[in-house]
Amino acid sequence: MTTSVKYLIKFGSEENIKNLFEKGEIFMNTIKTFKNLDKKDIGDKYEGSAKIINPTESKLTLKFPNNPITINPIKMQLWQTPNEHIGNIYSTYAISDQLVRRKSTHRIDPRMQIFGSHCLIIKDVMGFLEGIFSELDEQNICYSHNLVTYYDYSKLNHKITLFAKSHLLSYQKEHRIVAKTEKDLPLKFGIGSMENYSEIYTANDFIKGAVVELI
C-alpha cells in the first residue's frame, strides 16, 4: 500500500524556524553528529550502523591474574558502524495517511518539543522537497528520501538502512532526506521563501490543538 504524506512539520528554535519560513534555509547536519550527540532522543547511538546483533548465548570473562571470572549468561548487543563519513540528514515530522490506518485520529506527541519551541507546517510537500532536491542536484550531491521505519533493536538481529531507527523514537514519525556528501561537514543552503505554502506556530500551541483525522 502506498503511503501519502499530506504535510511535513519542522520543529526547531524560533530563529531557525523563521529562517526556514522567510528564506527557505536548509541545514543538514552530519550523521556522525547525531550519532555522537549526547542529547536524549536527538542523539542516536545507532545512527549510521549497518548491523545490530543480539547474541542468544554469550558470556563475559574478566581476566584477573591467575583467577579469571566468567559471567554466563549475559545479555549483550553488538553493532557494526563504519568509521568513515556517511552523509548528512534533514528530518521532518510526516503527517501521512499511515498515522490513521489503525485508528481514526492521531495526536502529535508532546516530546517533539525537545527539538525546539516553534514549528513550521509545510503544506506543499512536493514543492518543498523538489526545492531541496534541485539544490542538491545543482551541487552534484546524490540523495535519497523516505519515511523512517522503527524496529525493536533489543530483539533478533537487524540489517539497518539509513531509514531505520529504534522503536523508542517512533513518536517522531520521521521523514528524512539523506545526502551522500563527501566532506564531514554540515550542509547549508537556501531554497527561497516558503511564506506562500507554510505556517509558523509555537510548538506547544500546535501540539495541543492539532488532531489528524481520517477523511
Could you tabulate the donor-acceptor pairs under 3.5 Å formed by side-chain atoms of residues 180-191, not counting sequence neighbours?
| from | atom 1 | to | atom 2 | distance (Å) |
| --- | --- | --- | --- | --- |
| T181 | OG1 | H85 | NE2 | 2.8 |
| T181 | OG1 | N88 | OD1 | 2.4 |
| D184 | OD2 | K32 | NZ | 3.3 |

With distance as the sole test, does [X] use its side chain to make a donor-acceptor pair with the main-chain N or O of [Y] at under 3.5 Å?
X: S198; Y: M194; value: yes
X: Q172; Y: D41; value: yes
X: S166; Y: L169; value: no

Kindly give the heavy-atom pair with the smallest separation between [X] and [Y], and that separation in Å.
X: L99; Y: I95; value: CD1-CA, 4.0 Å
X: E47; Y: I31; value: CG-CG2, 3.6 Å
X: Q113; Y: A203; value: CG-CB, 4.0 Å
X: T33; Y: T30; value: OG1-OG1, 2.6 Å

Quick one: do [X] and [Y] end up in the same hydrophobic cluster if we chain Ile, Leu, Val, Met, Phe, Trp and Tyr together by side-chain heavy atoms under 4.5 Å apart?
X: I200; Y: I121; answer: no
X: I122; Y: F115; answer: no
X: Y90; Y: V125; answer: yes
X: I42; Y: Y171; answer: yes
X: I9; Y: M112; answer: yes

What is the distance from atom [atom1] of [X] to atom [atom2] of [Y], rounded to the nearest 0.5 Å?
X: M126; Y: L8; atom1: CE; atom2: CG; result: 10.0 Å
X: K40; Y: R111; atom1: NZ; atom2: CZ; result: 8.0 Å
X: I207; Y: D109; atom1: CD1; atom2: CG; result: 7.5 Å
X: M28; Y: S91; atom1: CE; atom2: OG; result: 8.5 Å
X: D205; Y: S117; atom1: CG; atom2: OG; result: 11.0 Å
X: N19; Y: L120; atom1: CG; atom2: CG; result: 11.5 Å

Are more than 12 heavy atoms, taken from residues, nucleotides or ligands other than E15, located less than 6.0 Å from that residue's CD atom?
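At most 12 heavy atoms, drawn from other residues, nucleotides or ligands, come within 6.0 Å of this atom.
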Output a table of donor-acceptor pairs, distance under 3.5 Å, between side-chain atoms of residues 127-148 and any protein atom two or more places apart or on a different chain; print 'none' if there are none.
| from | atom 1 | to | atom 2 | distance (Å) |
| --- | --- | --- | --- | --- |
| E135 | OE2 | Q139 | NE2 | 3.0 |
| H145 | ND1 | H175 | NE2 | 3.0 |

Within the 4.5 Å heavy-atom criterion, are [X] and [Y] side-chain neighbours or not?
X: H118; Y: F206; value: no
X: I177; Y: I89; value: no
X: R176; Y: K165; value: yes
X: F163; Y: T149; value: no

Using the ring-ring contact (aromatic ring centres under 6.0 Å, His included) rule, collect all pairs that involve residues 7-28, keeping only residues at least two apart or in two chains.
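Not a single pair qualifies under ring-ring contact (aromatic ring centres under 6.0 Å, His included).
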